[in-house]
Protein chains: 2
Amino acid sequence: MKKDCAHKHTHQRQELSTLTGRLRRESHKITGPRAAILEILRHHPHPLTNKEIHAELREGECDLATIYRAMQLLGKLGMVKRFDFGDGVARFELVGEGDDGHHHHLICTQCAEVVEIAECFPTEVEQRIANQNGFRSVTHRLEFFGVCPDCQ
Amino acid sequence: MKKDCAHKHTHQRQELSTLTGRLRRESHKITGPRAAILEILRHHPHPLTNKEIHAELREGECDLATIYRAMQLLGKLGMVKRFDFGDGVARFELVGEGDDGHHHHLICTQCAEVVEIAECFPTEVEQRIANQNGFRSVTHRLEFFGVCPDCQ
DNA sequence: CATTAATTGCAAATTGTTTGCAATTGATTC
DNA sequence: GAATCAATTGCAAACAATTTGCAATTAATG
């Protein structure tokens, strides 16, 4: 069911050196596990779970706990963005330089295929919601769910 | 920080008998625990976690596992809707009769205050997203996050 | 009130994620 | 390149949310 690259990615793949450079700049070590993880993320434009990342790595190349720690670090540095498809598992996607990674997905409820979506919630409406309720710094989390062509 | 009833609820509180009736109609028993749970939900217009529901109940009135099972049943019957605030904990809200419970929230990232939001993602745009990708039965999950007046 | 299937409590199992700690390893300095 | 030191890792144990097996209990029904 699950197709391999129906995903249209808007941002181009970052160089590994760009990524490690950013880590190094923040006074973090470029270790084997980290390079391997970044390498996986670079080649997967979809959001990946920690377990999926772990499965992509060679046997014994990196402990699962290390992946959790790496994702936490990369998240803090704004290099990956965490997505939540409502199934209680965190997923991560690499964020382009200067980008904040804000975007949404359309997920097949049958086969879990993921399509990246360009559309976003209208800014004016979000602004109005914020104002009406006196909230500041309002953002949103938005994902679409449906049945993909192959699963209908 | 957390205010008690800033939440504006659109739907009016359902009678307990209405709720139990629905359960009975589906050939399920009206047990002490279930009545107690429905009673809690009836009086709380916000999404509640299983643990919160458990805390509201009197000591020993109902096991936590029973609440998990009840929410699963009520969910299947469409009597409660599950919400996901991205913190890995499921929250549930009673759904009005005939309603599908689809709506969104604005959540304070500091104190977790929850405001129910009337706005929704534009149907035309959602339709277009579905068509463009050949998906059917598309819905969405949408929540807003920001800092509430009290926490600024 | 007896019967029966649904439901419960309790404990144990699962799953995703975090953490303590001793051993290892980058980066830096000489 | 070797010494040094803090950052990082693997591994196991700890956690938290949720699920499940099973024997005991209970609501509905006649």
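When reading the values below, keep in mind they use all heavy atoms of this one structure, side chains included, and skip hydrogens, waters and symmetry mates. Computed from a predicted structure; not experimentally measured.
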Enquirer: Which whole-number value in Å describes the distance from A/Asp63 CG to D/dT9 P?
Expert: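 Result: 10 Å.
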Enquirer: Between B/Gly78 and B/Val95, what is the shortest heavy-atom contact and its length?
Expert: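 So the two residues come closest at O-CB, 3.7 Å.
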Enquirer: Quick one: which of C/dT17, D/dG10, C/dG9 gets closest to the side chain of B/Thr66?
Expert: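 Out of C/dT17, D/dG10, C/dG9, the nucleotide with an atom closest to B/Thr66's side chain is C/dG9.
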Enquirer: Taking atom P of C/dT15 as reference, at what distance in whole Å does atom CG of A/Leu64 sit?
Expert: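 Going from CG in A/Leu64 over to P in C/dT15 covers 13 Å.
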Enquirer: Of the nucleotides D/dT18, C/dT17, D/dC11, which has the atom closest to the B/Asn50 side chain?
Expert: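 Closest nucleotide among those given: D/dT18.
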Enquirer: Atom CZ of B/Arg22 and atom NE2 of B/His28: how far apart are they, to the nearest 0.5 Å?
Expert: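 B/Arg22 atom CZ to B/His28 atom NE2 measures 11.0 Å (nearest 0.5 Å).
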Enquirer: Do A/Ile30 and A/Met79 belong together in a cluster built from hydrophobic side chains that touch within less than 4.5 Å?
Expert: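 Yes; A/Met79 is reachable from A/Ile30 via cluster members.
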Enquirer: Answer whether the closest heavy-atom distance between the side chains of B/Asn131 and B/Arg128 falls below 4.5 Å.
Expert: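 Sidechains of B/Arg128 and B/Asn131: no contact.
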Enquirer: What string of B, S and - do you get for nucleotides 21-30 of chain D 5' to 3' if you count protein non-hydrogen atoms under 4.0 Å?
Expert: B----BBS--
Enquirer: Is a donor from one side chain sitting under 3.5 angstrom from an acceptor on the other, for A/Glu56 and A/His43?
Expert: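 No, because no side-chain N or O of A/Glu56 sits under 3.5 Å from a partner of the opposite role on A/His43.
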Enquirer: What is the distance, to the nearest angstrom, from the CZ atom on B/Arg58 to the P atom on C/dG9?
Expert: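 Spelled out: CZ on B/Arg58 to P on C/dG9 is 13 Å.
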Enquirer: Quick one: A/Gln72 CD to D/dA7 P, roughly how many Å, whole number?
Expert: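 It works out to 17 Å between those atoms.
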Enquirer: Tell me: CD1 of B/Ile53 to P of D/dT18, nearest whole Å?
Expert: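 My rounded result for the distance is 11 Å.
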Enquirer: Between side-chain atoms of residues 139-148 of chain B and protein atoms elsewhere (two or more places apart, or another chain), which donor-acceptor pairs fall under 3.5 Å?
Expert:
unit_1, atom_1, unit_2, atom_2, d
B/His140, ND1, B/Glu126, OE1, 2.5
B/His140, NE2, B/His102, NE2, 3.2
B/His140, NE2, B/His104, NE2, 3.2
B/Glu143, OE1, B/His105, N, 2.7
B/Glu143, OE1, B/His105, ND1, 3.1

Enquirer: Going by distance alone, is a donor N or O of one side chain under 3.5 Å from an acceptor N or O of the other, for B/His103 and B/Glu93?
Expert: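 B/Glu93 and B/His103 do have a side-chain donor-acceptor pair below 3.5 Å.
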Enquirer: Between A/Asp84 (CG) and C/dG16 (C1'), how many Å, whole number?
Expert: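 Rounding to the nearest Å, CG of A/Asp84 and C1' of C/dG16 are 12 Å apart.
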Enquirer: May I have the distance from A/His54 (atom NE2) to C/dT15 (atom P), rounded to whole angstrom?
Expert: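 In whole Å, C/dT15 P and A/His54 NE2 are 16 Å from each other.
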Enquirer: Counting only side-chain nitrogens and oxygens, does B/Tyr68 get under 4.0 Å of the OP1 or OP2 atom of D/dT19?
Expert: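 Checking D/dT19 against B/Tyr68, no side-chain N or O comes under 4.0 Å of OP1 or OP2.
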Enquirer: Could you tell me how far apart B/Lys51 (NZ) and D/dA16 (C1') are, to the nearest whole angstrom?
Expert: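 For the pair B/Lys51 NZ and D/dA16 C1', the rounded distance is 7 Å.
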Enquirer: Counting any heavy atom closer than 4.0 Å, what does B/Glu61 reach on the DNA or RNA strands: base, sugar-phosphate only, or nothing?
Expert: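 Sugar-phosphate, no base atom in range.
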